[in-house]
K.L.:
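Below are the structure tokens for one structure; questions will follow.
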Number of protein chains: 2
Amino acid sequence: MSMYVVGHKIPDSDSICGAIALAYLKNQIGEPAIAARLGELSPETAFILEKFGFEAPEYKTSYAGEEVYIVDHSEITQAPDDIAQATIVGIVDHHKLGDLTTSTPLECWIRPVGCSNTVIKMMYDFYQVKIPANIAGIMMCAILSDTVIFKSPTCTTADIRCVEALAEIAGVEDFKEVGMDMFKVKSAVEGTPARDLVMRDFKDFNMNGNLVGIGQLEVIDLAVFDDIKADLEADIAKLKVEGNRHSVLLLLTDIMKEGSEMLVVSDSADLTERAYGKPTVDGRVWLDGVLSRKKQVVPALQDAFQKV
Amino acid sequence: MSMYVVGHKIPDSDSICGAIALAYLKNQIGEPAIAARLGELSPETAFILEKFGFEAPEYKTSYAGEEVYIVDHSEITQAPDDIAQATIVGIVDHHKLGDLTTSTPLECWIRPVGCSNTVIKMMYDFYQVKIPANIAGIMMCAILSDTVIFKSPTCTTADIRCVEALAEIAGVEDFKEVGMDMFKVKSAVEGTPARDLVMRDFKDFNMNGNLVGIGQLEVIDLAVFDDIKADLEADIAKLKVEGNRHSVLLLLTDIMKEGSEMLVVSDSADLTERAYGKPTVDGRVWLDGVLSRKKQVVPALQDAFQKV
Ligand SMILES: [Mn+2]
Ligand SMILES: [Mn+2]
């Protein structure tokens, strides 16, 4: 029986590239594995797969009775809906430890680094499996994406060394240029429906019993949002109601200015005040230096909900 | 600030030896760490530490405000009572994934092998840190204990190779003899109060909302229990009431005959029938081939509770 290797809902490049890279590794060590995905590819991920000659992993949402290797999270809300009927055989991740549990022993490769693909590179090293050039390419891009080309505070020395090694294997001379090409693709938001943009990199979190959705759009210039910000705000308000959420936040991240404008709809008017010491004005607040949802946005928010 | 490295409540040899071995490794790589323990040493563990010249780790039950590296479990019920006020920086384990969660990224070294110390050996290899002879000795003993000298179904090739490598480093010629010496110490139950025996290796599990305590005593001949079995049964009945537990099970494991007699007090009269297909007679049932609580007792029980 093959295991499925699958990232989180609303997959980002780390989830998709990680599923492909880990499924390849598992097959090489005699454990049959199939890469899968829980949702559509983002334009950035499509650009990466196209660049290195990969098809999208199998679209599959139901895993009852299957063996599953989880990539890039350990949260029930981000896992397949029927994950409780599946057997989780492993988790590779770089986030806080979530609420997934198992009834049998498993392997967990979880490290406090910038990207799951950095951990997958450690797995290749552990098993002494050679990384093919095209797989090195997509792993490298996933790390450049998650670390915002090393600008994110989540980026570690391990991530940088890993990108350098992968670029060499992939035959990429200037990986920063590849990174900028990726973020240019990501910045092309014109003509895309607001809902598609909001959902492009959207995660739900359970914060002390409250459902909180947080989206993020990383671009090289926030001016691309000037004409559509009102639409985005109307859409996250809808999303809050539809999903019975306590709050929906959308981070508009300027990777060159290195900060984020946060759009907020919430049942708590003082949420950003309590979490970040800055109130919203008309549902918006600029958070200087904030690039990382995981490291700079979620923990403070989680603390704010603990104190309620 | 030093982190504390600590195993589970009612520590076994894996928890104690693992805390010492991992704290040493962390200090070697520039991360100050102190080995700690949540309870008394068992006679087996005392024998191991004595044999290789170690003091018991620091006895410490409160960790609020501290950084903690968890060894040999990932369960709230087995962690320090105030673990929610601590920062979990890592977990090394070989059990099912439990309900501990964190609000910040961490490292998890979890593998489906027979002992946490086998995983700690992988960490030494990863960081390329040399294992001192006496630390190799206690790690080796922890693996021999958890795998019942390789007889347990939880034992993997990785555990066997690891013991072989550690025995060489420790300068131990016949590790099976050391293992038998350990189990002889473990088999000396005469004159020990029933409660001390029941609690010697006792773990609480949350099974679908029900608290289930499971103790285990591994000996080289079940005859040692002939005169005290009634006392043990009276004591687990008390323990059930005191802890408001749904069930308390005590496994009397014969490592030479390779099977366990299970003593049962439970709110469900047909619990072993549903979990293992065998009813109790006068609160006792012989489970042939059953050596491992983790692999052969807990999963079937968990399934039985799911179906209620
Ligand atoms: Mn990631
Ligand atoms: Mn153990």
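Computation of the quantities below employed the complete heavy-atom set of this structure, encompassing side-chain atoms and omitting hydrogens, waters and symmetry-equivalent molecules. Proteins get letters first, then strands, A, B, ... in listed order; numbering begins at 1 in each.
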K.L.:
Where do B/L106 and A/I110 come nearest, in terms of heavy atoms and distance?
P.N.:
O-CG2, 3.6 Å

K.L.:
Any chance you could lay out the side chain to side chain contact (heavy atoms under 4.5 Å, CB included) test for A/E107 and B/W109, step after step, and finish with the verdict?
P.N.:
CA-CA 8 Å; A/E107 58 176 74; B/W109 294 73; over 6 Å; no

K.L.:
How close do B/L97 and A/T102 get, counting heavy atoms only, and between which atoms?
P.N.:
N-OG1, 2.8 Å

K.L.:
Any idea which of B/P112, B/P299, B/C108 has the most non-hydrogen atom pairs under 4.5 angstrom with chain A?
P.N.:
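Most heavy-atom pairs within the cutoff with chain A belong to B/C108.
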
K.L.:
Please report the closest heavy-atom contact between A/H94 and B/P105, naming both atoms and the distance.
P.N.:
O-CB, 3.8 Å

K.L.:
Shorter than 4.5 Å, heavy atoms on both sides: which option in B/M122, B/K294, B/K295, B/H95 has the most such pairs with chain A?
P.N.:
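Most pairs with chain A among the choices: B/H95.
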
K.L.:
Verify the neighbour count for atom CD of B/E258: are there more than 12 heavy atoms of other residues, nucleotides or ligands below 6.0 Å?
P.N.:
yes

K.L.:
With a 4.5 angstrom heavy-atom cut-off, is it the side chain or the backbone of B/I91 that approaches chain A, or both, or neither?
P.N.:
side chain

K.L.:
Do other residues, nucleotides or ligands put more than 12 heavy atoms under 6.0 Å from the CD atom of B/E168?
P.N.:
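12 or below, so no.
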
